[in-house]
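Reviewing the structure listed below.
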Amino acid sequence: MIDIKDLRANPQKYIDGARKKQMEMEGSIKTILSLDADALKLGQELQDIRTQQNAASKDIAKLKGPEKQAAIDSMGQLKARAKELGDQAAAVEPQLAALLMQVPQPPDSDVPEGRDAGDNVVLRHWNSPWFDTSKSFEENKGFKPKGHIELGQALGLVDFERGVKMAGSRSYVLTGAGMRLHQAVLRFAFDFMVNEQGFTPVSVPVLVREEMMVGTGFFPFGKEQAYEVGEKTRGGGYDLYLTGTGEVGLMGLHAGDILDEATLPRKYITVSTCFRREAGAAGKDTAGLYRIHQFDKCEQVVLCRADEQESRQWHRTMIGYVEQILQRLELPYRLLQCCTGDLGPKNADMIDVETWMPSRGPTAPDSTPQGEYGETHSASRLYDYQCRRLDLRYRASADKKVLPCHSLNNTVVASPRILIPIMELYQNENGTITVPGVLRPHMGGLERIG
């Protein structure tokens, strides 16, 4: 949620910021300012009446006879007016709060303007010592590649048919070494963040109240992507939602809290199962492990002081962790600066990391895929947007002022999508798959699958 004081002072900043994100908010912002003015006026009049009530109550004790009765009657009128004003304020506040929840965070001024992901800008790329993405797979490895679907089925790593039988489209079952590889990459990433980067490991609920989804900015925008568990219709007090990222639980951990500045930054890491409906994605990446309804993700969240430069530095640092992970896995990748139209409502800035996947992209005349980058990570800088919604604050050490924290999040690794480049890039001509060296300790020393 944006700062209403800043909106009052700079409404055009938010109107222009929304337009850069391909959202039209001018009418809503004018309504917000009108309701806000009404709320302020009601609040001031209510305060004036309470001041009069306090003064009158002291005078009544000193009065007698008709004067006292007149004062009592006047107090009754003040009380009735106070109730009237309170009722009016109670009607305005939810309207104002609902509209404020819909105002997107303006993008940072250095984020390039654009309509959608097609306008994102490549920042840099990295190739592994043994695979150059400017060359074809065959030029790199001497044979034509198989896709992860073919490899997975031939080696007994994944069973799509049984997954679909049990859970419908975009479902799968990892089996044997496929499940071991999935667990290994998650554990490798988790241990790296805990043991080497000092993040605090936390388990989080994946079934949460609506307030947590609203507080983290996934609702009201994006509600169609979440699975809803309708507990109200079964006699429960509230509905629940399956989370699409561990970020929701990690941010909700301190909802309503006031932290001490000395305890910041808070660095949290979790591994959780994630659920996404993929609404609107029909016909896109329907086969394989790229776009699925259920997956596991190692997610990092940082809570820091309300300082833009500190937030920017943490953003760079968190992206650096991901680059180290991918470089140790020796997977070629590139960093994309997301343009304003691809940021979503809650982000001030976002960097996507895409990993090279040989089975994607256009095909050669012989139907061999030429390879293409596919998104595997996303790092977001949100400033105080989520923390205001969650009422997550800290008390400054110097002046004891209470301020909303800043928050950032980034995927450390999400699987089984990351298994696509691992399986495809590490495949051998004889149909086997070499296990990346950093994953072998988590697979009992296994060097090759197949």
Side-chain angles (χ1 to χ4, degrees), residues 1-15 17-18 24-106 209-217 219-221 232 237-239 255-258 306 345 384-393 395 399-405:
M1 185 166 63
I2 52 88
D3 182 357
I4 184 64
K5 293 180 181 179
D6 193 44
L7 179 64
R8 290 177 198 141
N10 305 289
Q12 198 61 42
K13 166 186 170 182
Y14 291 90
I15 293 169
E24 181 53 57
M25 294 296 299
E26 184 170 4
S28 294
I29 287 173
K30 287 181 177 178
T31 301
I32 288 170
L33 293 174
S34 176
L35 289 171
D36 180 55
D38 291 343
L40 290 173
K41 183 179 179 181
L42 289 168
Q44 184 58 58
E45 188 175 349
L46 188 56
Q47 183 60 46
D48 291 343
I49 286 177
R50 285 172 178 160
T51 300
Q52 294 176 50
Q53 286 178 312
N54 291 335
S57 63
K58 295 177 182 178
D59 293 340
I60 287 174
K62 304 174 184 177
L63 300 174
K64 295 182 181 180
E67 291 182 344
K68 185 170 185 175
Q69 186 58 50
I72 291 172
D73 292 342
S74 177
M75 279 286 285
Q77 293 172 4
L78 289 172
K79 184 177 180 180
R81 179 57 179 162
K83 183 181 184 307
E84 181 182 351
L85 291 170
D87 290 343
Q88 291 178 28
V92 168
E93 286 169 5
Q95 297 178 58
L96 181 58
L99 285 171
L100 279 172
M101 287 291 184
Q102 297 178 34
V103 179
Q105 169 150 242
R209 296 173 181 246
E210 185 172 5
E211 302 95 282
M212 293 299 102
M213 300 295 277
V214 172
T216 48
F219 289 2
F221 302 107
K232 287 182 180 178
Y238 45 83
D239 293 333
D257 288 353
I258 300 177
D384 61 6
Y385 184 86
Q386 286 180 320
C387 294
R388 285 185 180 277
R389 296 166 80 105
L390 290 166
D391 195 26
L392 199 173
R393 299 167 293 165
R395 181 172 283 103
D399 57 9
K400 305 304 178 184
K401 188 176 180 179
V402 175
L403 302 166
C405 296

Rounded to the nearest 0.5 Å, what separates atom [atom1] in [X] from atom [atom2] in [Y]?
X: L7; Y: I29; atom1: CG; atom2: CD1; value: 6.0 Å
X: R389; Y: T216; atom1: CZ; atom2: OG1; value: 8.0 Å
X: Q52; Y: R81; atom1: CD; atom2: CZ; value: 11.0 Å
X: E210; Y: D239; atom1: CD; atom2: CG; value: 7.5 Å
X: M212; Y: L390; atom1: CE; atom2: CG; value: 6.0 Å
X: Q77; Y: I49; atom1: CD; atom2: CD1; value: 11.0 Å

Listed partners of E93 passing side chain to side chain donor-acceptor pair (under 3.5 Å), at least two apart: none
Pair Q44-D48, side chain to side chain contact (heavy atoms under 4.5 Å, CB included): steps then yes or no: CA-CA 6 Å; Q44 184 58 58; D48 291 343; 3.1 Å; yes
Which residues share a salt bridge (Lys or Arg N to Asp or Glu O under 4.0 Å) with R393, sequence neighbours left out: D391
Pair V103-M25, side chain to side chain contact (heavy atoms under 4.5 Å, CB included): steps then yes or no: CA-CA 7 Å; V103 179; M25 294 296 299; 4.0 Å; yes
Looking only at non-hydrogen atoms, find the nearest pair between [X] and [Y] and report the distance.
X: R209; Y: Y238; result: NH2-OH, 3.1 Å
X: P104; Y: I2; result: O-CG2, 3.9 Å
X: Y385; Y: M101; result: OH-O, 4.0 Å

Do any side-chain atoms of residues 30-43 form donor-acceptor pairs under 3.5 angstrom with protein atoms, and if so which ones, sequence neighbours left out?
unit_1: T31; atom_1: OG1; unit_2: G27; atom_2: O; d: 3.0
unit_1: D36; atom_1: OD1; unit_2: R8; atom_2: NH2; d: 3.2
unit_1: D36; atom_1: OD2; unit_2: R8; atom_2: NE; d: 2.5

Flag side-chain contact, heavy atom, 4.5 Å: L392 against Q386: no
